[in-house]
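Below is one structure, written out as structure tokens, with a few remarks after it.
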Amino acid sequence: MLLRCRWRSLIRATDSFSRGKREIMSAQADRYRPAEVEAKWQARWQQAGVFKVSEDPSRPKFYCLEMFPYPSGRIHMGHVRNYCIGDGLARFKRMQGYNVLHPMGWDAFGMPAENAAIANNTHPARWTYDNIEFMRKQLKRLGYSYDWDREFATCDPSYYRWEQLVFLKMWEKDLVYRKLSLVNWCEHCRTVLANEQVEQGLCWRCGEPVGQKRLWGYYFRITRYAEELLEWLDKLPGWPERVKTMQRNWIGKSHGAETHFPLEGREGVIKVFTTRADTLYGATFMSLAPEHPLALELAEGTEQEQAVKEFIDKVARQSYADRADERKKEGVFTGAWCRNPLTGRRMPIYVANFVLMDYGTGAVMAVPTHDQRDFEFAKEYGLPLVEVIVGPDGPIGVENMTQAFTDYGTLINSGPFDGMSSQEAMRAIAAELERRGLGRETVHYRLRDWGISRQRYWGAPIPMIHCEDCGLVPVPEEDLPVVLPLEAQLPPTGGSPLPDLEEWVRVDCPRCGRPARREVDTMDTFVESSWYFARYACPHYDQGPLDPGPTSYWMPVDQYIGGIEHAVLHLLYSRFYTKVLRDLGLIHCDEPFTNLLTQGMVIKDGAKMSKSKGNVVDPDEMVERYGADAVRTFMLFAAPPERDLDWTDQGAEGAYRFLQRLWRVSLAVAEHARGVEPYAGGEKLTGALADLHTKTHQTIKKVGEDISGRFQFNTAIAAVMELVNLISLVEQDAQARQHPAWAAVLREAVEAAVKLISPIAPHIADELWERLGHQGFLIDQPWPSYDEKALVKAEKVVVVQVGGKKRAQLLLPADADDEALRQAALADPGVQKFIAGKEIKKIIVVQGKLVNLVV
RNA sequence: GGCGAAGUGGCGGAACUGGCAGACGCGCCGGACUCAAAAUCCGGUUCCCUUCACGGGAGUGAGGGUUCGAAUCCCUCCUUCGCUACCA
């Protein structure tokens, strides 16, 4: 503020410096025209191949990756933001001396291609590759520093053939298996979904309700890695806590006891998992999920058989979402009984709607006194209650209970375990169960195996063959790839054409040679995206999935950037797949992404952009209007990366104005400082020039720290704006012009500003760099360094408070000691007004910043 | 219901480990340039009181606390937004 005042008076003193006519003419001729500048530099970058990289053991590597796009047709603002953040970082790191890998490609298999192909009477491949062509052009217009030589599309056989090979290796290691089971089925998409792909009972892609279906499918044994996936979350300090929490919850580890309840009148036991073994003496009945295999079996032949059948049918008819919404506890008695393994109590076995087959064992021991759901169920059906846990206030009495007592406490009515705490009892009871062979302490995970079969066409074929005699036979490695037949005609009704494509399906059994049939399911497209990042290290390698040399040089990804929506989908699958590749000896690292940045959405008028709301902003149009550099600058300036960003045209215009200002001021300085070297010490600087020199170095420091620390491009840009504003003032300051080092200090400042903005607005930066008399590209220039000595001003502003309230500010020499500060504060007339007649109890001095007089 | 994040001007957002709240930008207001407009440049812009001016008071969702000093730390509450949800 103080500085400002000084500037104002200076400017006034210069009696409005004005340019001559000639200068105005030339300024017009040299107007900032983003379209020209951007086309020029994009062509030069391409010609020089500046973004091509290869392994270089002499330099530290930095692998910067943004989530690759699905080629849906056009780039949207969300992509633009994602890639602006990544490109800003990649260019910054490159200038800092890292060997930066920054690739781009296409997540090219998927359902929209099939839908679009039907709608437009074309082929998914055609549609996909056309989209890729178009979107690549869009990306190139934005000037991202991708090594385009590494580009690939996952629908290319040269990519998915290696995925098929990995599948076969996984098959050998029993990391894939095929089973018949109840699966999530989306009727709209006509395919199966993995658990992760069902969100609140709805399909993650189309939003339609998901039903249940009994189907054969292939499964990846992700559960085998549950513990490792969980443990490694603690070893990923570069991941947002939010994402790690979501993955932890998804894996859902819980400690408890497996308990066996012997059936009455027949062989066998019902196994349950419980986290509350301490309440076992209170278990008075048993609840089975309607899908539990024993449910019908037990009812068979009893008078309950019909009722059980009807109930199971009723529940089966409910959709996934309806069932989750159903709050009322309902069930029927199966007519069968089991026994409590410790008390021997006869327990009726019910089928209950709230018991889920896909968690635990699908059976729950019911303790109505200490579990709210069991309590409600028991009240509904008049089942007995036994209180076995008491809190500090002692027993409640079952007749007084209006809800279950779910806290931990002390055991009663539990025989030898009476008086134990819940925690003690859980271990003791589990030990007792184990001794009797009726259970044990155990750990349970919520995570299910990853079902990867999709009943779709546009995906990687699963390399398996069904033979009537030999059963399921893997395709021999030498027969890979199993190429997806492109001659298929998509049935207009939806669904996959593969089962009807006889010439493709018919194959000789590799084992017995007799006629057999190919697997017609394709792989979940999340399989492709689970390893593409590693393939970028060696995209053209044709001897295997991954070339060991380059892969071990580049992997893992140092910085991964993308949306939060993949927190438990892509990001969990990729972690799993990386561990599988590691165990197959194909990769050396344990985790794919060392650091993860989850960027916020781009919104408009407070809402997510969508066609229905009519608030979609087209990147091409914005580039046309403001230029790629302005779009990039605004994208990074308007909000910190993790937060949602509100797109406004005025904001983009503001970014454009800033670049224009930078342009004008740089050309002016280029003129003044032609042949002048940047200031490098020497002449003593005074006043405005000293301030600009200091500001230059402070800005270099701040921009570097803001980008590398927290990806705070917004504050980094703000700092460069401040610097440019100051350059503009000094450039016009008549008094400063008199100083012999004027042009040199200006050059130093402008060159710093241009370099600092270059990762963000690379085209204009390169153009100005050239016009400042340099050759080459800024990306090949070292990141500027700052001079510690230049950061400190000769004088500092010291705030004086009285009783914590600001009363004055003093301009004092920077090297003034505490005592000098104290004296200056006490002597200030503005301060004395407030301390007159008061006793000063204490004086707080913060070195070089503040004096607080306590009265 | 559970877990998590966030509440700061008209708006987007700054404020590193407690030390000048509102950087930077948008918008708005005023001025310069112009026949005029656009563009550009300069100045102002948290609110309230007072003033020709100087000045003063309040203020970071609400209330309390710790401290010389709190947007920042602690407690209680409110609101919004995410994710998750009968998890045995």
Side-chain angles (χ1 to χ4, degrees), chain A residues 1-2 4 8 11-12 16 18 24 27 31 199-201 240-243 245-246 248-250 252 254 256 272-276 279 287 323-329 352-356 358-367 371-374 376-377 444-446 564-565 567-568 600 606 633-634 637-640 642-655 657-658 660-661 664 702 705-706 709-710 712 714-722 725 728-729 732 797-806 808-809 830 833 841-844 846 849-855:
Chain A
M1 210 129 65
L2 194 86
R4 274 240 174 139
R8 250 162 250 158
I11 294 296
R12 269 181 223 121
S16 69
S18 64
I24 289 170
R31 236 182 53 214
E199 294 169 348
Q200 277 143 46
E241 213 43 59
R242 202 151 68 107
V243 175
T245 303
M246 283 164 76
R248 267 185 209 109
N249 291 342
W250 190 262
S254 53
V272 308
F273 172 75
T274 179
T275 54
R276 290 299 300 270
T279 65
S287 306
R323 191 169 160 192
D325 281 347
E326 183 74 71
R327 287 280 134 182
K328 191 163 158 19
K329 306 286 175 282
N353 66 344
F354 65 90
V355 182
L356 307 173
D358 56 8
Y359 186 78
T361 59
V364 185
M365 73 174 202
V367 185
D371 181 283
Q372 187 56 26
R373 294 155 303 182
D374 296 343
E376 287 168 31
F377 193 84
H444 182 262
Y445 298 90
R446 201 184 84 121
I564 185 94
E565 65 272 16
V568 284
T633 303
F634 179 70
F637 176 66
E642 325 77 52
R643 250 199 265 188
D644 285 352
L645 179 148
D646 214 330
W647 175 272
T648 64
D649 288 0
Q650 290 101 317
E653 214 162 315
R657 271 202 291 269
F658 159 65
Q660 201 172 16
R661 195 177 166 81
R664 204 169 40 238
K702 180 165 173 59
E705 285 172 356
D706 285 354
R710 293 186 290 160
Q712 298 263 38
N714 55 329
T715 51
I717 294 168
V720 179
M721 285 173 168
E722 284 186 53
N725 289 345
S728 168
L729 284 170
Q732 292 174 49
V797 178
V798 176
V799 170
V800 184
Q801 299 180 330
V802 179
K805 284 190 177 158
K806 181 187 165 187
Q809 53 184 24
K833 195 164 73 179
K841 297 196 184 109
K842 201 173 167 187
I843 301 178
I844 312 271
V846 181
K849 269 190 181 169
L850 173 137
V851 180
N852 189 10
L853 307 171
V854 186
V855 289

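Note that the structure is predicted; figures quoted are calculated from it, not measured. Chain identifiers are assigned alphabetically (A, B, ...) following the order of the sequence lines, protein sequences preceding nucleic acid strands; residue numbering begins at 1 within each chain.
Searching all strands for a Watson-Crick or G-U wobble partner of B:A58 with both distances below 3.5 Å returns B:U46. Base-pair partner of B:G63: B:C75 (Watson-Crick or G-U wobble, both distances under 3.5 Å). With a cut-off of 3.5 Å on both pairing distances, B:G18 has no Watson-Crick or G-U wobble partner at all. In a base pair of the Watson-Crick type (N1 to N3 plus N6-O4 or O6-N4) or a G-U wobble (N1-O2 and O6-N3), with each distance short of 3.5 Å, B:C24 is matched with B:G12. Pairing for B:A39 is absent, with no Watson-Crick or G-U wobble pair whose two atom distances lie under 3.5 Å.
Summarising the geometry, the separation between CG on A:L729 and C1' on B:G43 is reported as 12 Å, rounded to the nearest angstrom. To the nearest angstrom, P of B:G69 lies 9 Å from CD1 of A:I844. To the nearest angstrom, P of B:A39 lies 13 Å from CD of A:Q650. Here the P atom of nucleotide B:A14 and the CG atom of A:L645 are 11 Å apart, to the nearest Å. A:R276 has its CZ atom 11 Å from the P atom of B:A88, to the nearest Å. Computed from coordinates, the A:I717 CD1 to B:G13 P distance equals 14 Å when rounded to whole Å. The separation between A:H444 atom NE2 and B:A88 atom P is 9 Å, rounded to whole Å. Distance CD1 (A:I843) to C1' (B:G19): 16 Å, rounded to an integer number of Å.
Map A:V568 and A:D644 each onto its nearest nucleotide of RNA chain B; the residue landing nearer the 5' end is A:D644. For the pair A:N852 and A:T275, both in contact range of RNA chain B, the more 5′-proximal nearest nucleotide belongs to A:N852.
Around atom CZ of A:R242, no more than 12 heavy atoms belonging to other residues, nucleotides or ligands sit under 6.0 Å away.
Distances shown here put a side-chain N or O of A:R373 below 4.0 Å from the OP1 or OP2 atom of B:C87.
Residue contacts shown for A:G654 are limited to sugar-phosphate atoms, with no base heavy atom under 4.0 Å away. Within 4.0 Å of A:N714, counting heavy atoms only, lie sugar-phosphate atoms of the nucleic acid but no base atom. Note on A:R446: a base of the nucleic acid sits closer than 4.0 angstrom, heavy atoms only. Within the nucleic acid shown, A:V272 has no heavy atom closer than 4.0 Å to any nucleic acid atom. Nucleic acid contact class of A:R710 (heavy atoms, under 4.0 Å, all strands): sugar-phosphate only. Within 4.0 Å (heavy atoms only), A:T648 reaches no atom of the nucleic acid at all. Here A:Q801 lies in heavy-atom contact (under 4.0 Å) with a base.
Atom CG of A:D371 sits about 9.0 Å away from atom CE of A:M365, to the nearest 0.5 Å.
For A:R657, the listed nucleotide lying nearest its side chain is B:G27; candidates were B:G27, B:A23, B:C68. Relative to the side chain of A:M721, the nucleotides B:G27, B:C86, B:C24 differ in distance, and B:C24 lies closest. The side chain of A:R661 approaches B:C41 more closely than any other nucleotide in the set B:C24, B:C41, B:A15. For A:V799, the listed nucleotide lying nearest its side chain is B:C20; candidates were B:C20, B:G12, B:C26. Listed candidates were B:C3, B:G12, B:A88. Nearest to the side chain of A:A638 is B:G12. Residue A:R242 has its side chain nearest to B:G82 when only B:C3, B:C26, B:G82 are considered. Side-chain atoms of A:F637 lie closest to B:C24 of the nucleotides B:A88, B:C24, B:U40. Checking B:G13, B:C87, B:G25 against every side-chain atom of A:P640, the shortest atom distance belongs to B:G13. The nucleotide whose nearest atom lies closest to any side-chain atom of A:Q712 is, among B:G4, B:A14, B:G19, B:A14.
Taking atom P in both B:G18 and B:C52, the straight-line distance is 44 Å, to the nearest Å. For the P atoms, the distance linking B:A39 with B:G56 amounts to 40 Å, nearest Å. B:U45 and B:C24 have their C1' atoms separated by 15 Å, given to the nearest Å. Using atom P as the reference point in both B:C73 and B:G19, the two lie 11 Å apart (nearest Å). B:G65 and B:A15: their P atoms are spaced 30 Å apart (whole Å). Taking the P atoms as reference points, B:A62 lies 38 Å from B:C41, given to the whole Å. A gap of 26 Å separates the C1' atoms of B:G44 and B:A36, to the nearest Å. Here the separation of B:G25 from B:U40, taken at their P atoms, is 14 Å to the nearest Å.
The shortest heavy-atom contact between A:V367 and A:D374 is N-OD2, 2.9 Å. Closest non-hydrogen pair, A:T361 versus A:V272, comes out as OG1-CA, 3.4 Å.
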* For A:E722 and A:K702, run salt bridge (charged side-chain N to carboxylate O under 4.0 Å, His left out): C-alpha distance rounded to whole Å, both residues' side-chain angles, the deciding distance at 0.1 Å, then the answer. => CA-CA 12 Å; A:E722 284 186 53; A:K702 180 165 173 59; over 6 Å; no
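Of the possible polar contacts, none joining the A:D644 side chain to the A:G600 backbone as a donor-acceptor pair under 3.5 Å is found.
With its glycosidic angle within 90° of 0, B:G9 is assigned syn.
When side chains are defined from C-beta on, A:V243 counts as touching A:I564, because their heavy atoms get closer than 4.5 Å.
For the pair A:E642 and A:R710, the salt-bridge criterion is not met [side-chain N within less than 4.0 Å of a carboxylate O].
In this structure, A:K329 forms no cation-pi arrangement with A:F377, as its terminal cationic atom is not both closer than 6.0 Å to the ring centre and no more than 45° off the ring axis.
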